[in-house]
Amino acid sequence: MQISNLRRGAWLMVIAASMGIAQDRGSENQLFLKLLPNNFPQINANGFSATFSTQGFVDLTGEYFQAQGTNGRSCATCHMPQNAWSITPDTIRFLFAQTGGTHPIFNSLDADNPGNDLSTVEARWEGYSMLLTRGVFRRGGAPKADREWDVIAVDDPHGFANVNRIVQWRRVMPTINFHLGSATVAWDGGNTKGTDQLAGLTDQATRNVTGAQQGQPAPAQVIADIVNFETTLSTAQLMSFGAGLLSAGGAHGGPQELSQMTKTMGRFDLFDAWMNSRNESRAQIARGQEVFNSTNPANGRSCSGCHSSANNGTSFNDRLFDTQTASAEARTPDLPLYTIRNRATGETRQLTDTGQGNVTGLWSDLGKFKTPTLRALAARAPYFHNGIAMTLEDVVRHYEQHLNFVFTDQQRQDLLAFLRAL
Ligand code: HEC
Ligand code: HEC
């Protein structure tokens, strides 16, 4: 009797945690867990992801989980463990269904247009369409004062952006794997402090409290607690439905091995031991890893050439790149389109986001974005800064259509199996 009650309690905890309601302290009627054990499996379409913290377990009680400002948001409102510390549109729609769109994640700061009516459930469903469909948050503001270019025309389907007010739709970046990560912080490098990653993360947390959380500046020890916490997190796919445990049979997948790796430049070698595996799912993942590492004959490039921090995928040299994700050609109809003119040469280009160009002011940095970590991808679709790729297959097709990669059907399937196992 007692044992079965205990078991039932344990299972409830497991279910609650894997659904991710664990960390949500905002709504009183939800179960709140104080910790996640290391390697605790959290389900996604391809298997399970998990987090390994160098603190011994994932402590869900620190400042990262406390609302720091006036609008009820904490870091964990948007960075959720079961979505690899990002957040998916599925989770956002779940929160909408639960609260009728009054959960703190729904704030006019991130509405399609903050001037729209948001007073009823129906109006909120319409008015937060970018959050609900693509999981993108509204960033931007006035163009940087000191710059080489001007916005001369804007086509914004939501009617908010104009030539003096840039809207940038951005996916939540996962706060993971920083020990193998670059010093670039934020999609456009807006929080980067030279080569000092810690200073960049400190700036980011500081500005989030006064920005997205609408708070007073937080005490230094609160910011330090947040940054210390996020830099302990290693998150990766733990097991996949076909191949099983991704650290089995001599492979080095999963979060625990990731947490013990040191930053090096070069090829991914997680699945070398599976090259001749008799398990076809394992062999396919290993083949996909080689597709990722190899130079593509069609364009002379490799995926790992830019995603050069081995077994993580950020840029080893802190580089940002233009991969055409903000190009007019890759635009989806819900994104704004800016026509931008070079002040010196009169040349124009059209982009859906200014990228690093609005951080440095440089014409040549327009459309460039941070090279992100590629671990735990299966837990956090959609992809790219603006969420234009709903699936990993869309990502690979983007590289084929816009960066001249050429793959056979077999190579594409192998590459996808690898990306899903990261
Ligand atoms: C309202 C949602 C929201 C909240 C709340 C939020 N973030 Fe974020 N976070 C985002 C989005 C969106 C991005 C990507 C922004 C961009 O680059 O333009 C991001 C990016 C980041 C990055 C950059 C990661 C990288 O790889 O460069 C870090 C670090 C981060 N957030 C940490 C935090 C911390 C710490 C807090 C709490 C103090 C926090 N976030 C609160 C939405 C949020
Ligand atoms: C020229 C450098 C470059 C090359 C080559 C490159 N990438 Fe990327 N990758 C990037 C950058 C930069 C981003 C972020 C772009 C954005 O979000 O706008 C990115 C984003 C991604 C993402 C999305 C991650 C996320 O969190 O949304 C995936 C997946 C990815 N790349 C896989 C690949 C694969 C597979 C290849 C080879 C077919 C490849 N990349 C080749 C630079 C590159």
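Since the structure is predicted, the reported quantities are computational estimates derived from the model, not experimental observations. Each ligand, and each atom within it, is numbered from 1 in the order the structure gives.
Inclusion of Tyr64 in the set of residues having an N or O under 3.5 Å from an N or O of ligand 1 is not warranted. The shortest N or O to N or O distance between Gln204 and ligand 1 is under 3.5 Å.
Relative to atom 26 (O) of ligand 2, the option among Arg380, Arg412, Lys368, His385 with the closest non-hydrogen atom is Arg380. Checking Gly367, Pro382, Cys306 against atom 5 (C) of ligand 2, the nearest heavy atom belongs to Cys306. Summarising the contacts of atom 38 (C) of ligand 2 with Pro174, Cys303, Ser304, the nearest heavy atom is found in Cys303. Scanning Gln214, His79, Arg171, Met173 for the heavy atom closest to atom 9 (N) of ligand 1 points to His79. Checking Arg139, Arg170, Gln213, Glu230 against atom 11 (C) of ligand 1, the nearest heavy atom belongs to Arg139. Here the shortest heavy-atom distance to atom 10 (C) of ligand 2, taken over Phe384, Phe321, Tyr399, belongs to Tyr399.
Among the heteroatoms counted here (N, O or S) of His307, NE2 is the one nearest to atom 8 (Fe) of ligand 2.
Using a 4.0 Å heavy-atom cutoff, Val396 is absent from the residues neighbouring ligand 2.
Checked against the 6.0 Å centroid criterion, the rings of Phe292 and Phe268 qualify as a close aromatic pair. Aromatic rings of Tyr128 and Phe96 (six-membered ring for Trp) have centroids beyond the 6.0 Å cut-off, not under it. In this structure, Phe65 has its ring center under 6.0 Å from that of Phe229.
Heavy atoms of Ser74 found under 4.0 angstrom from ligand 1 belong exclusively to the backbone.
A salt bridge between Arg170 and Asp353 is present, with a side-chain N of the basic residue lying under 4.0 Å from a carboxylate O of the acidic one.
Under the 3.5 Å distance criterion, the side-chain polar atoms of Asp112 are matched with a main-chain donor or acceptor of Met130.
Of the protein's non-hydrogen atoms, Pro372 CD, 3.4 Å is the one closest to atom 13 (C) of ligand 2.
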